[in-house]
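Labels below follow one simple rule: chain letters A, B, ... track the order of the sequence lines, proteins then strands, and each chain is numbered from 1.
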2 protein chains.
Amino acid sequence: MSSRNRIESVAHQTVQKSGLKNLSFRTLGAEVGVKSSSVHYHFPEKSDLGGALIQRYRQSLATTLAEIDDASPNAYDAIKLFSKLFTQECSEGKICFAGMLAAEVEFLNESNREGLQAIFNMYHTWLLDQLNQAGDELKIDLPTPTVAHLLLASLEGALLIDRAHPTNDRLSSVNILIDSWFGKIN
Amino acid sequence: MSSRNRIESVAHQTVQKSGLKNLSFRTLGAEVGVKSSSVHYHFPEKSDLGGALIQRYRQSLATTLAEIDDASPNAYDAIKLFSKLFTQECSEGKICFAGMLAAEVEFLNESNREGLQAIFNMYHTWLLDQLNQAGDELKIDLPTPTVAHLLLASLEGALLIDRAHPTNDRLSSVNILIDSWFGKIN
DNA sequence: GTCTATACCCGGATAGAC
DNA sequence: GTCTATCCGGGTATAGAC
């Protein structure tokens with residue numbers, strides 16, 4: 001893999017652990033095996049690195065969501081798979097990439113903020129799409145946009161709190177909620 | 001107000017905006033009108049300041065929750081009031097104090113982490129208590145601990161995302177969810 | 001309790017050789 | 001594309017005067 005790609009890959013995981021503001025070009029370089037000046041060669045300023053990570057994630061997310069869509073015969077399976085993948089990105093002290101950036105939105109420039117919003121829009125649009133196709137699979141009367149917002153918010157919050165409070169109580173509660181919405185409980 | 005108290009008050013809000021790791025004794029002092037060495041006089045290390053803020057918040061939270069309890073004739077009112085106060089602490093680019101600390105849990109020492117967990121426990125215990133007293137006010141069949149976890153997680157996530165995505169879509173969705181759980185919709 | 005002064009470190013960023 | 005060397009700013013923290 002090119003060193004630029006390796007930098008991006010390590011940086012992405014570092015952001016999930018400690019955020020972009022607290023990521024250092026020096027230690028990032030050390031983890032990849034180059035000097036900080038080499039990192040600056042690829043990403044002149046930190047906001048350039050941030051922009052590249054956001055872009056990269058948007059593309060990979062688009063692919064992932066399309067794959068889930070293809071692999072799922074119905075909305076329930078799709079959303080359960082979404083929740084599973086969303087969670088799997090976050091083992092070992094990591095939280096959602098977009099969630100971490102949201103926590104440090106104060107330190108992002110305009111362009112990076114817009115990229116972050118685009119990620120959240122992507123999540124929401126996809127979820128909404130699934131819910132709108134669910135038909136009578138969905139056993140509740142809330143508007144689908146509301147349900148989509150709730151899904152994303154509860155997943156983000158669950159990952160956040162569960163990392164600080166190492167039981168998976170919040171995350172499994174979200175999964176129970178999804179099951180109940182699709183009539184898989186009671 | 002004593003300068004120690006003023007420091008704590010300003011620091012608390014700064015944490016809600018940009019976190020504890022990115023809070024600087026220098027600029028904190030400047031905002032309060034003293035030098036950084038004076039801040040160090042009261043809080044030798046940053047973890048001491050963190051500990052004081054956590055302690056302070058725990059106490060104020062205990063008081064607040066007790067007051068909501070007293071002021072609310074039923075579980076629905078109590079929880080709506082909870083959601084309202086939880087939100088009001090977070091105007092102007094701020095998010096939940098505990099949520100922000102959870103995002104930077106990597107940088108907290110053991111003692112501060114335990115204090116943070118105690119805050120989340122306090123939220124959860126109080127919510128659970130309300131739900132357990134709700135009786136047939138509650139129109140859903142999920143276990144009350146699950147509901148309490150979901151309430152907290154969705155509120156945290158909603159505040160987080162809504163700050164980055166300046167509509168209040170997530171927060172108002174949580175309020176709709178609460179209404180539906182108590183049969184105030186449909 | 002607050003100040004000045006200072007030590008020390010680490011971060012971002014750049015210049016210029018290879 | 002990567003390196004060494006370097007500058008600068010800002011952060012934590014401490015010593016010692018008032």
In whole angstrom, what separates [X]'s [atom1] from [N]'s [atom2]?
X	N	atom1	atom2	value
I7(B)	dG1(C)	CD1	P	11 Å
F107(B)	dT12(D)	CZ	P	13 Å
L49(A)	dG11(C)	CG	P	15 Å
H42(A)	dC3(D)	NE2	P	10 Å
N22(B)	dG10(D)	CG	C1'	12 Å

If you look only at pairs with a residue in residues 30-54 of chain B, which of them pass as a side chain to side chain donor-acceptor pair (under 3.5 Å), with sequence neighbours excluded?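 Listed once each, the pairs would be none.
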According to side chain to side chain donor-acceptor pair (under 3.5 Å), does anything in residues 157-166 of chain A pair up with another residue at least two apart or in another chain? List the pairs.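 Sorted pair list: D162(A)-R170(A), H165(A)-N121(B).
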Check against side chain to side chain donor-acceptor pair (under 3.5 Å), D69(A) and Q130(A): CA-CA 8 Å; D69(A) 212 353; Q130(A) 299 299 323; 3.3 Å; yes
Which residues share a side chain to side chain contact (heavy atoms under 4.5 Å, CB included) with [X], sequence neighbours left out:
X	answer
S24(B)	R26(B), T27(B)
S9(A)	Q13(A), R56(A)
Q55(A)	R58(A), Q59(A)

So which nucleotide from dT12(D), dT2(D), dT4(D) ends up closest to the side chain of V34(A)?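 From the listed options, dT2(D) comes nearest.
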Counting side-chain heavy atoms from C-beta on, which of dT4(D), dG11(C), dT2(C) comes nearest to K35(A)?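 So the nucleotide nearest the side chain must be dT4(D).
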So if I define the base as every atom that isn't primed, P, OP1 or OP2, how would nucleotides 13-18 of chain C read as a B/S/- string at a heavy-atom cutoff under 4.0 Å? BBB---
In dot-bracket notation, what is the pairing pattern of DNA chain C, taking Watson-Crick (N1-N3 plus N6-O4 or O6-N4) and G-U wobble (N1-O2 and O6-N3) contacts under 3.5 Å, with [ ] crossing and | for other strands? ||||||||||||||||||
In chain order, what residues pass the ring pair (Phe, Tyr, Trp, His ring centres under 6.0 Å) check against W181(B), with sequence neighbours excluded?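 Testing W181(B) for ring pair (Phe, Tyr, Trp, His ring centres under 6.0 Å), a comparison that skips the adjacent residues, returns none.
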Of all residues at least two apart in sequence or in a different chain, which pass the ring pair (Phe, Tyr, Trp, His ring centres under 6.0 Å) check with Y76(A)?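 Partners of Y76(A) under the ring pair (Phe, Tyr, Trp, His ring centres under 6.0 Å) test: F182(A).
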DNA chain C contacts among residues 14-21 of chain B, heavy-atom distance under 4.0 Å: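 Close to the strand, none.
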Between Y41(B) and dT2(C), is there a side-chain N or O to OP1/OP2 distance below 4.0 Å?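 No, Y41(B) has no side-chain N/O under 4.0 Å of OP1/OP2 on dT2(C).
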Would you tell me if any nitrogen or oxygen in the side chain of S38(B) comes within less than 4.0 Å of OP1 or OP2 on dG1(C)?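 No, outside the criterion.
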Please list, one pair per line, the donor and acceptor atoms closer than 3.5 Å that link side chains of residues 147-157 of chain B to other protein atoms, with sequence neighbours excluded.
{"residue": "H149(B)", "atom": "ND1", "partner": "P145(B)", "partner atom": "O", "Å": "3.1"}
{"residue": "S154(B)", "atom": "OG", "partner": "L150(B)", "partner atom": "O", "Å": "2.7"}
{"residue": "S154(B)", "atom": "OG", "partner": "L151(B)", "partner atom": "O", "Å": "3.1"}

Show me, pair by pair, the donor-acceptor contacts under 3.5 angstrom made by side chains of residues 107-115 of chain A, not counting sequence neighbours?
{"residue": "N109(A)", "atom": "OD1", "partner": "S111(A)", "partner atom": "N", "Å": "3.3"}
{"residue": "N109(A)", "atom": "OD1", "partner": "N112(A)", "partner atom": "N", "Å": "2.8"}
{"residue": "R113(A)", "atom": "NE", "partner": "V105(A)", "partner atom": "O", "Å": "3.3"}
{"residue": "R113(A)", "atom": "NE", "partner": "L108(A)", "partner atom": "O", "Å": "3.1"}
{"residue": "R113(A)", "atom": "NH2", "partner": "V105(A)", "partner atom": "O", "Å": "3.2"}

Trace of the ring-ring contact (aromatic ring centres under 6.0 Å, His included) decision for F86(A) with Y123(A): CA-CA 10 Å; F86(A) 197 89; Y123(A) 281 130; 5.5 Å; yes
